[in-house]
Amino acid sequence: MTPKTRPNDEPVRLLFEMTRDDNPRLYDDLIRFNKGTKRVNRLRFLAHEGLLAQLWMVTPVGNGTPVMASAALPAPPGVNPMAARHTNHAFDAPPVGEEA
């Protein structure tokens, strides 16, 4: 990796608020834990698992455009393609004109 493409070793710090209206399933899962380390670790775990699911389900084609792997390859055992498709866009920016 060149210095420009090498990821920084700086920690990523996030501070955000979320209501149940934003994402009911995620909110309900996280609210089970008291504020602090357990909730943060749960969010970290869910983000990691979502990333792994997304990487399993998205494959770049020759021109660099990602395509759903389930269209070209069967889904790995134990992976629900519909759930993985849903998580692929969970953290996308909202469409233009909509507030976050």
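- Looking at residues two or more places apart in sequence or on another chain, you find a side-chain contact (heavy atoms from CB on, under 4.5 Å) between T19 and D21, D22.
- Expressed to the nearest 0.5 Å, how far CG of L14 lies from CZ of R44 amounts to 10.0 Å.
- Residues F45 and I31 fall within the same hydrophobic cluster, defined by Ile, Leu, Val, Met, Phe, Trp and Tyr side chains chained together at heavy-atom separations under 4.5 Å.
- Between L52 and H48 there is a side-chain heavy-atom pair separated by less than 4.5 Å.
- Cluster membership check: L43 shares its hydrophobic cluster with Y27, using side-chain heavy-atom separations under 4.5 Å among Ile, Leu, Val, Met, Phe, Trp and Tyr.
- Under a hydrophobic clustering in which Ile, Leu, Val, Met, Phe, Trp and Tyr are joined whenever their side-chain heavy atoms come within less than 4.5 Å, directly or via other members, L46 and M18 fall into the same cluster.
- With sequence neighbours excluded, the residues that form a side chain to side chain donor-acceptor pair (under 3.5 Å) with D28 are R20.
- Take D29 and apply the side chain to side chain donor-acceptor pair (under 3.5 Å) test, not counting sequence neighbours, and it matches R32, R42.
- Checked against side chain to side chain donor-acceptor pair (under 3.5 Å), R39 has no partners two or more places apart in sequence or in another chain.
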